[in-house]
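One structure below.
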Protein chains: 4
Amino acid sequence: MSPRVGVADERRAQIMQAALACFTRKGYNNTTMDDIAAESGLSKGTLYWYFKSKDDLFAAAITSSVADWGAKAIATLEQYPTAPGKLRVLARRMMDLCKELEGFFGLFLEFWASSPRREEAGKLWVDLLVQYKDIVVEIIEEGIRNGEFKPTDAEQLVWAIMAAYDGLAAYVMFMPNLNLEQVSQVFIETLLHGLATNGSEQ
Amino acid sequence: MSPRVGVADERRAQIMQAALACFTRKGYNNTTMDDIAAESGLSKGTLYWYFKSKDDLFAAAITSSVADWGAKAIATLEQYPTAPGKLRVLARRMMDLCKELEGFFGLFLEFWASSPRREEAGKLWVDLLVQYKDIVVEIIEEGIRNGEFKPTDAEQLVWAIMAAYDGLAAYVMFMPNLNLEQVSQVFIETLLHGLATNGSEQ
Amino acid sequence: MSPRVGVADERRAQIMQAALACFTRKGYNNTTMDDIAAESGLSKGTLYWYFKSKDDLFAAAITSSVADWGAKAIATLEQYPTAPGKLRVLARRMMDLCKELEGFFGLFLEFWASSPRREEAGKLWVDLLVQYKDIVVEIIEEGIRNGEFKPTDAEQLVWAIMAAYDGLAAYVMFMPNLNLEQVSQVFIETLLHGLATNGSEQ
Amino acid sequence: MSPRVGVADERRAQIMQAALACFTRKGYNNTTMDDIAAESGLSKGTLYWYFKSKDDLFAAAITSSVADWGAKAIATLEQYPTAPGKLRVLARRMMDLCKELEGFFGLFLEFWASSPRREEAGKLWVDLLVQYKDIVVEIIEEGIRNGEFKPTDAEQLVWAIMAAYDGLAAYVMFMPNLNLEQVSQVFIETLLHGLATNGSEQ
DNA sequence: TATGAATGAGGTTTCATTCAT
DNA sequence: TATGAATGAAACCTCATTCAT
């Protein structure tokens, strides 16, 4: 009776995927709804059947994509017992993210800057950032409680760490030669060393 | 003939300043040439007399503005003898920059993402970044040579540090509550601690 | 087979009613087939099963509605013996119509003006107008034959009278304060006085 | 120095004229900005240089056109001494208007009905109507004061008269055979007779 | 019969750029 | 030099209509 159950979800996914491909390839402003229609193999009208506007489609696409990744990252962390171990893994995952999501940070910034209603547009990103920040803060504070790390204002530090990775994700867009793995490793090891309680090396 | 030169430069400066004001206020895409004409008190035609295109005007405006700052930063550093001291000062200057230049990183990213010829547009930023990177790398390597810092791949680390500050500059645009000073301080102290040779604290 | 007929007619009526509600509320162009689907509680596809096009649905809806009223009006007239009496009643009925049908004249005019095939669209209205005109002409000519009215070119006069009521129906749409009852009464009494044979007042 | 003084006004007039031609030919909704651009020999962009929107252009065009006529009509009236004489002239002028302005009433109704902001759109017409109404009311009340007409609620009567002419102007659009002159004459004479004080014929 | 997803032509508007003066 | 009128390509979005179930 309903062989078409989920057609709507499928279509939405199909459209968001096409949109993401176009957006990352050409940027938000340079991507036209026609581009997305062509990429998805659907008509422009259909795009508007599933999404209210270009803005709406963008937000949906970027959110779902980032959310997917977030879930995976958290799951992975569970298995690592020590705080430094967790941070190292997280760092590696973030590098992957930079490649997988290819410049989402820049993409979002473009969207945000171009949006006449920046306030609103910004919330989208703030929500995601805060969510991840909290996860990392918890790891560090746990490390502090365990005596692995020395007392530190974790919240502030995490903002800087996240900003570093977002910034690198952006850098790599126009500096493809940047060796993200090395950068990330040197960075995270320096930080871990800086966080370490004296005499303890992990 | 030569007195005219002054007029032309003045006009260019006048236009770039107006452009910068508009761009930072409304973003690259949302700023129209009409906006800039109105802000500068000149006519649209005049804008095109001094600048080839909107792209061109943007590049000129952002470059001159950032270059100004670069010179100042370097001059300041001279006076501080130790590497950690220099880094601390630099960090403080970078925070100021975030406020002064109000989200130039985001602005540039938007411009880059929106530009059909990204390659070209990216060069603008890469040049600036490399320039600053070299300065900071030199400081750190000096510290290593002095025995203040332990051996580290300075180049890689500096990319991460710069990315962090650029990222924070972007974050603060849509999270005005972010306390940049604290973030910067915790961040830089952790890094300095991580760089420090054992037993030595600065 | 025959029991189905009832269902079909019911559906048609249901749709026309919903259509009329939307059209009078928002005008012809501003009413979408989606609006009508929502108002009728049916799907858009169903609308097209019963009506060939938006044009078609409009014509059907407006015609059936006006036709209903026409029948009633004629029936009422029978009971009044004198020509002036009939005209007075007709005037009162026309005022009611203005309210009941809320600006059908304007609605039709919009439809007609928007229709790429005006010729065709116009016929719809001409047919209705001629039909009513003939009724009123007959009343006046009867009055003339009876000696109640002085000889007059009834046909021409009736066009003006009908135009007046249609025009008022339109006026009242954007001048809701217009007191239709008073306007109608002063108008009709002046006309009746103008038509009256000397010495006779009704 | 300014051979181009008045270029703006000239262009505006040129555009409004072209717009009016298109609007009366094809209706408001069926006229595209491309049509007007083609008709005026200008580019679409230029249309928007002089007028904020299609609505705006429509309002400007219709207002200026009707206003032109109004001035002429009033001037003509001065020369006729008696109230009936004035009304007869006015009637004749109104007939001319119907032809000259070819269905402005219908055009406006379409515009009004199609406008999402009807309130606002309606004001345009109300203002014009009230203006003319006052002129005619004044004529009739003068006639009453002179003893030419019997006491009557002039205001109400005039609304009906104006509605009749507007309605006729609309009728004639889809009934080109309607003999406006005769209709108008029979109508106005009947009204004048109805208004006349007993024993006086004009 | 009935649904609602899918279509795509076409509309209004914006805006970077040019050019006559 | 400077102006501002003029251009026109292109973008987003709507909506009457169709069609596979």
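The sequence lines fix the lettering, A, B, ..., with proteins before strands; numbering per chain opens at 1.
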* Separation of atom CG in A/Asn30 from atom C1' in F/dA9, rounded to whole Å -> 14 Å

* Heavy atoms under 4.0 Å, any strand shown: does D/Phe51 hit a base, just sugar-phosphate, or nothing? -> nothing

* Asked: Between the side-chain atoms of D/Lys44 and the base atoms of E/dG11, is any donor-acceptor pair under 3.5 Å?
  -> no

* To do: State, with a plain yes or no, whether a side-chain heavy atom of D/Arg118 is found less than 4.5 Å away from one of D/Lys123.
  => no

* **Whichever of B/Ser53 and D/Thr31 has its nearest DNA chain E nucleotide further upstream toward 5'** => D/Thr31

* **Atom-to-atom span, CG of C/Asp34 to P of E/dG4 - whole angstrom** => 11 Å

* **Separation between OH of B/Tyr50 and CE of B/Met16, rounded to the nearest 0.5 Å** => 12.0 Å

* Distance in Å, C/Phe174 CZ paired with D/Glu119 CD, rounded so as to fall on 0.5 Å steps -> 12.0 Å

* OH of C/Tyr48 versus P of E/dT7: gap in Å, rounded? -> 17 Å

* Asked: Do A/Phe23 and A/Ile36 come close enough that some side-chain heavy atom pair is under 4.5 Å?
  -> yes

* For B/Tyr50 and A/Tyr28, take the nucleotide of DNA chain F holding the closest heavy atom to each; which residue's nucleotide lies nearer the 5' end? -> B/Tyr50

* Of all the choices, E/dA16, E/dA6, E/dT12, which nucleotide is nearest to the side chain of B/Thr32 once you look at every atom? -> E/dA16

* **Nearest-angstrom distance from the residue atom CE of D/Met33 to P of E/dT14** => 10 Å

* Value in whole Å for how far the C1' atom of E/dC15 lies from CG of B/Leu47 -> 13 Å

* With both distances under 3.5 angstrom, what nucleotide forms a Watson-Crick or G-U wobble pair with F/dA20? -> E/dT3

* Asked: Mapping C/Asn29 and B/Thr46 onto DNA chain F by nearest heavy atom, which one lands closer to the 5' end?
  -> B/Thr46

* How long is the line joining CD1 of B/Ile36 and P of E/dT17, in whole Å? -> 11 Å

* Expressed in whole Å, how much space separates the C1' atoms belonging to E/dT1 and F/dT21? -> 12 Å

* To do: Using Watson-Crick or G-U wobble geometry with both distances below 3.5 Å, tell me the partner of F/dC13, or none.
  => E/dG10

* Asked: The side chain of C/Lys54 lies closest to which of these nucleotides: E/dA2, F/dA2, F/dA16?
  -> F/dA16

* Structure fact -> From CZ of B/Arg12 across to P of F/dA2 the rounded distance in Å is 13 Å

* Structure fact -> Between the OG atom in D/Ser115 and the NZ atom in C/Lys26, the distance rounded to the nearest 0.5 Å is 12.5 Å

* Asked: In whole angstroms, how far is the C1' atom of F/dC12 from the NZ atom of A/Lys52?
  -> 15 Å

* **Short side-chain N/O contact from B/Trp49 to OP1 or OP2 of F/dT1, under 4.0 Å** => no

* Asked: Phosphate oxygens OP1/OP2 of F/dG8: is one of them under 4.0 Å from a side-chain N or O of D/Ser43?
  -> no

